[in-house]
There are 2 protein chains.
Amino acid sequence: MSTDPAPAPRSHSRTRKGSRTKQRILRTAADLFARQGYHATGLSELGDAVGLGRGALYHHITNKEQLLYEISIEHVQEMVDFGEELLSSPLGVEERFRRMSRKLMRVIADNRDEWTVYFREADSLSGERRERVVELRSRFEDLWRQILDEGETAGLFHHGDSLAVKAVLGMHNYSYLWIDPEGDLSPEEIADRFCDILLHGIMTAPQR
Amino acid sequence: MSTDPAPAPRSHSRTRKGSRTKQRILRTAADLFARQGYHATGLSELGDAVGLGRGALYHHITNKEQLLYEISIEHVQEMVDFGEELLSSPLGVEERFRRMSRKLMRVIADNRDEWTVYFREADSLSGERRERVVELRSRFEDLWRQILDEGETAGLFHHGDSLAVKAVLGMHNYSYLWIDPEGDLSPEEIADRFCDILLHGIMTAPQR
DNA sequence: TCTGTATCGGACCGTTAGGTCCAATAGAGA
DNA sequence: TCTCTATTGGACCTAACGGTCCGATACAGA
């Protein structure tokens with residue numbers, strides 16, 4: 001839905017959208033934007049990094065802001081798609097909660113640059129592009145809210161309100177700053193421990 | 001420690017550092033940087049907003065990056081100072097934990113612009129200024145780590161490790177994006193509910 | 001009233017930004 | 001070999017940037 005769905009054995013020609021060059025540009029831009037910031041990265045610099053002159057670069061992209069937009073939404077869209085499918089499944093509340101968490105940590109860990117750009121720079125977008133990102137963000141938040149709601153309705157959770165959603169989101173989202181794909185724990189293991197904390201707390205002797 | 005300690009009944013002259021004008025510049029810059037981003041905000045724009053020409057502006061500030069630096073560290077420094085004092089107090093672990101949380105939510109709620117700038121733009125700093133911010137950030141993280149460590153040593157917490165620290169930090173830090181000083185809940189009430197979640201979890205029937 | 005300092009506005013400087021244009025090239029199909 | 005299209009590099013455009021300079025002004029102390 002979001003971008004080129006992927007396979008479609010492309011011919012040697014690069015006329016179709018989603019060419020190798022375009023992908024290289026997107027990845028390189030994500031890297032530069034994440035490391036230096038969107039505004040601090042020039043298009044000449046991007047061209048150099050990708051091995052293209054400015055004219056050639058513009059043959060593949062429409063403009064700088066569109067680049068930011070595409071980088072920003074890609075994996076949030078992926079999460080929203082995942083979440084909507086998850087919510088239409090017959091799984092129980094806790095299982096939904098845990099699967100959402102695992103998926104999110106995995107996608108963040110695998111695409112740190114893109115998430116960094118999304119979290120830090122997406123507000124630089126304007127007009128319709130900005131609106132779309134904002135809408136996607138709130139759809140994603142709503143998915144979590146629905147899960148927590150379900151849990152509260154089922155008498156399984158207390159704290160099924162907005163504040164709990166913010167807690168969950170904060171805990172997960174912040175991970176783009178520290179998660180290490182090569183670390184001791186896999187993203188899924190980290191998610192499991194986060195879910196343990198969120199569901200049961202860190203105290204050994206709950207007094208309620 | 002960080003900036004002008006405050007009172008010192010200043011004369012009508014503005015020769016002393018920390019003048020009203022300088023403060024106005026800092027607040028206005030925080031607002032603009034938070035709304036538009038550091039790189040996207042020009043010094044002419046800042047001058048206009050504060051009612052000063054560019055020459056006059058530079059009579060009060062040293063340069064743009066120093067402005068970003070001062071905005072970024074102010075309240076993190078405040079938190080570190082608070083935390084160090086807290087840790088030298090005779091309070092119990094849970095009370096330390098809760099007081100730290102309350103203070104953090106309060107300081108974030110009262111200075112949203114500055115925290116936004118700190119979280120989103122501090123990486124634009126370079127050289128020594130960047131190092132100082134990074135150091136401050138890790139000192140703050142260490143404060144939380146010490147509290148959780150204590151709790152684990154005392155047998156009060158499980159999850160007393162780095163991952164728990166990240167969970168706590170993420171939950172709190174993310175609030176700069178949504179906290180509303182005029183909202184129904186005070187920052188302290190929000191902190192209390194966050195602590196409840198972190199300590200006891202959101203599940204009604206903990207099965208452990 | 002005179003003097004010296006703090007404060008100010010804005011012209012100015014060199015640099016770089018995003019974006020356009022176009023002539024040159026490469027390479028596949030006929 | 002010729003042709004046509006996709007791709008390329010880089011000169012070029014206008015606008016804006018951070019920062020400096022300096023003459024004008026405001027004003028306190030004497």
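Lettering of chains follows the sequences in order, A, B, ..., and the numbering in each one begins at 1.
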Specify the closest pair of heavy atoms between A:Arg120 and B:Phe119, including all atoms of both residues, with the distance to one decimal.
-> CD-O, 4.1 Å

In whole angstroms, the gap separating P of D:dC17 from CG of B:Asn63 amounts to 17 Å

Out of C:dA6, D:dG18, C:dG9, which nucleotide sits closest to the side chain of B:Leu52?
-> C:dG9

Determine the contact category for B:Gly42: base if any of its heavy atoms lies under 4.0 Å from a base atom, sugar-phosphate if only primed atoms, P, OP1 or OP2 are that close, otherwise nothing.
-> sugar-phosphate

Basic-acidic side-chain contact under 4.0 Å: A:Glu189, A:Arg193 = no

OH of A:Tyr38 versus P of C:dA17: gap in Å, rounded?
-> 13 Å

Roughly, in whole Å, what's the span from NE2 in A:His59 to C1' in D:dG10?
-> 16 Å

Of the nucleotides D:dA6, D:dC17, C:dC8, which one has an atom closest to the side chain of B:Ser44?
-> D:dC17

Side chain of A:Tyr58 - closest among D:dT8, D:dG19, C:dG19 = C:dG19

Just call it for B:Leu57: base, sugar-phosphate, or nothing, with non-hydrogen atoms closer than 4.0 Å on any strand.
-> nothing

Are B:Arg27 and B:Glu74 within salt-bridge range, i.e. N to O under 4.0 Å?
-> yes

Using whole Å, report how far CZ of A:Arg24 lies from C1' of D:dT7.
-> 13 Å

Using a strict cut-off of less than 4.0 Å between a Lys/Arg side-chain nitrogen and an Asp/Glu carboxylate oxygen, indicate whether B:Asp123 and A:Arg35 qualify as a salt bridge.
-> no

For A:Glu45 and for A:Gly55, locate the closest nucleotide of DNA chain C by heavy-atom distance; then report the residue assigned to the nucleotide nearer the 5' terminus.
-> A:Glu45

When all nucleic acid strands are considered with a 4.0 Å heavy-atom cut-off, which category describes A:His60: base, sugar-phosphate, or nothing?
-> sugar-phosphate

If you check every side-chain atom of A:Leu43, which of D:dT8, C:dC8, C:dG19 has the closest atom?
-> C:dG19

Measure from the side-chain heavy atoms of A:Lys64 and tell me the nearest of D:dT20, C:dG19, C:dT7.
-> C:dG19

Take atom CZ of A:Arg20 and atom P of D:dA6, then tell me their distance rounded to the nearest Å.
-> 17 Å

Between NZ of B:Lys22 and P of C:dA6 the distance, given in whole Å, is 16 Å

Mind calculating the distance between NE2 (A:His39) and P (C:dG18) to the nearest angstrom?
-> 9 Å

Looking for any heavy atom pair under 4.0 Å, which part of the strands does B:Thr62 touch: base, sugar-phosphate only, or nothing?
-> nothing

Donor-acceptor pair under 3.5 Å, A:Arg54 side chain vs D:dG9 base | no

In short, side chain to side chain donor-acceptor pair (under 3.5 Å) pairs touching residues 140-151 of chain A with sequence neighbours left out are A:Arg96-A:Glu150, A:Glu141-A:Arg145, A:Glu141-A:Lys166, A:Asp142-A:Arg145, A:Arg145-A:Ser162

